[in-house]
Number of protein chains: 2
Amino acid sequence: MARAATTADAFNAVAEPRRRQILDVLAGGERPVNDLVRVLGLAQPQVSKHLRVLREVGAVDVRDEGRQRLYRLNGEALKPIHDWVKNYERTWSERFEALDVVLEELKQEGRGNDSGK
Amino acid sequence: MARAATTADAFNAVAEPRRRQILDVLAGGERPVNDLVRVLGLAQPQVSKHLRVLREVGAVDVRDEGRQRLYRLNGEALKPIHDWVKNYERTWSERFEALDVVLEELKQEGRGNDSGK
DNA sequence: GACATATATGCCTATATAGGAATATGATCG
DNA sequence: CGATCATATTCCTATATAGGCATATATGTC
């Protein structure tokens with residue numbers, strides 16, 4: 001079996017740096033395709049293709065405005081990624097490390113400390 | 001050009017659900033490969049391959065213990081993902097939405113409201 | 001209608017999987 | 001050493017890109 005399609009879910013769609021870059025630009029507001037082409041320095045067809053992938057996973061919405069197509073960010077599609085990775089923050093955040101120390105101490109106390117102290 | 005290698009970065013490595021699952025299990029503590037095989041219900045070679053990818057992006061560390069190899073989570077490798085996706089939380093979080101409303105109001109006030117009201 | 005602008009789609013190629021199956025490597029034990 | 005347990009690697013195949021390039025599909029303009 002090959003790798004899952006880029007359109008399979010947000011995780012796969014966003015694995016491509018250019019697509020993250022597109023979302024980053026769209027975070028600043030609605031944009032027509034050509035704006036993205038200029039900002040990213042990519043060929044127009046490639047941008048349209050990336051946008052298609054992002055559309056298929058729901059990360060962007062489109063709206064027709066004259067002969068332009070305005071793309072808009074739909075960040076909610078990224079929530080599953082945030083929800084997943086959020087749980088790992090504790091592994092590098094000092095704040096959580098400090099919390100872990102406290103929890104560890106509480107655990108020590110709770111455990112029938114028949115050894116006095 | 002083909003898609004970037006799964007070992008290119010954490011984003012690509014973690015796009016595969018099984019690999020996320022492996023990390024989720026390792027979040028509970030160090031584990032030998034066979035434990036993962038049992039928990040994931042995958043064939044052993046596939047698990048070893050997934051672990052290799054995770055190792056190459058630094059998401060796990062290994063330690064030899066007798067004839068077992070104990071894998072351990074290294075969540076810090078996921079920080080780039082967290083850092084990126086964190087900025088999109090505002091797009092779905094009610095807390096941030098509320099904040100946005102406030103900011104919008106402030107902006108309206110600042111902008112010489114010559115239209116009265 | 002001819003034409004220009006804005007965007008999408010189709011075709012082609014090189015490349016990289018993910019899983020299945022078989023096998024290799026390594027460590028431990030009797 | 002031979003057997004066994006634990007893990008890694010190799011080979012095979014179907015599939016899916018990402019980008020380059022040409023072209024199709026609107027839509028607005030004169």
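FYI, side chains are in, hydrogens and waters are out, and symmetry mates aren't considered; it's all heavy atoms of this structure.
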Peer 1: Whole angstrom is fine here: how far is it from CG in A:L54 over to P in D:dA18?
Peer 2: 11 Å
Peer 1: Under 4.0 Å: is that the gap between some side-chain N or O of A:R69 and OP1 or OP2 of C:dA8?
Peer 2: yes
Peer 1: Is the shortest side-chain N/O distance from B:N34 to OP1 or OP2 of D:dT7 below 4.0 Å?
Peer 2: yes
Peer 1: Please state how far atom CD in A:E56 lies from atom P in D:dA18, giving the value in whole angstrom units.
Peer 2: 12 Å
Peer 1: Round to the nearest Å and state the distance from B:R55 atom CZ to D:dT7 atom P.
Peer 2: 12 Å
Peer 1: Using atom CE of B:M1 as one end and atom P of D:dA16 as the other, report the distance to the nearest whole Å.
Peer 2: 21 Å
Peer 1: Can a side chain N or O of B:Y71 be found less than 4.0 Å away from OP1 or OP2 on D:dA8?
Peer 2: yes
Peer 1: In whole angstrom, what separates A:Q46's CD from D:dA22's C1'?
Peer 2: 12 Å
Peer 1: What's the CG-C1' distance between A:L51 and C:dT9, to the nearest Å?
Peer 2: 14 Å
Peer 1: What is the nucleic acid contact for B:Q68, judged by heavy atoms within less than 4.0 Å: base, sugar-phosphate only, or nothing?
Peer 2: sugar-phosphate
Peer 1: Describe the nucleic acid contact of A:P32 in one word from base, sugar-phosphate, nothing, applying a heavy-atom distance below 4.0 Å.
Peer 2: sugar-phosphate
Peer 1: Name the nucleic acid region contacted by A:T6, choosing base, sugar-phosphate or nothing; use a 4.0 angstrom heavy-atom cut-off, strictly under.
Peer 2: sugar-phosphate
Peer 1: Both A:G66 and A:E16 contact DNA chain D. Which one's nearest nucleotide lies toward the 5' end?
Peer 2: A:E16
Peer 1: For B:H50 and B:R19, test the side chains for any donor-to-acceptor distance below 3.5 angstrom and give the result as yes or no.
Peer 2: yes
Peer 1: Rounding to a whole Å, what distance do you find between A:R52:CZ and C:dT7:P?
Peer 2: 17 Å
Peer 1: Considering only D:dA18, D:dA14, D:dT9, which nucleotide approaches the side chain of B:R3 most closely?
Peer 2: D:dA18
Peer 1: Closer to the 5' end of DNA chain C via nearest nucleotide, is it B:A2 or A:V47?
Peer 2: A:V47
Peer 1: Which nucleotide, D:dA14, C:dC29, C:dA4, lies nearest any side-chain atom of B:R67?
Peer 2: C:dC29
Peer 1: Below 4.0 angstrom, N of the basic side chain to O of the carboxylate: do A:R52 and A:E56 qualify?
Peer 2: yes
Peer 1: Among D:dT9, D:dA16, C:dT17, which is the nearest nucleotide to the side chain of B:A5?
Peer 2: C:dT17
Peer 1: For B:V53, run the side-chain contact (heavy atoms from CB on, under 4.5 Å) check against B:N12, B:V14, B:T7 and tell me which one passes.
Peer 2: B:T7
Peer 1: Do A:Y88 and A:W84 make the cut of ring centroids closer than 6.0 angstrom?
Peer 2: yes
Peer 1: Exactly one of A:R63, A:R69, A:R67 should register a salt bridge (charged side-chain N to carboxylate O under 4.0 Å, His left out) with A:E65. Which one does?
Peer 2: A:R63
Peer 1: Would the distance check show the side chain of A:N34 and the main-chain N or O of A:V37 forming a donor-acceptor pair, the cut-off being under 3.5 Å?
Peer 2: no
Peer 1: Looking only at the side chain of A:P45 (C-beta and beyond, no hydrogens), which of the listed nucleotides D:dG19, C:dG20, C:dT9 gets closest?
Peer 2: C:dT9
Peer 1: Would you kindly check whether a donor in the side chain of B:Q44 faces an acceptor in the base of D:dA6, or vice versa, at under 3.5 angstrom?
Peer 2: no
Peer 1: To the nearest angstrom, how far is B:R19 atom CZ from C:dG19 atom P?
Peer 2: 8 Å
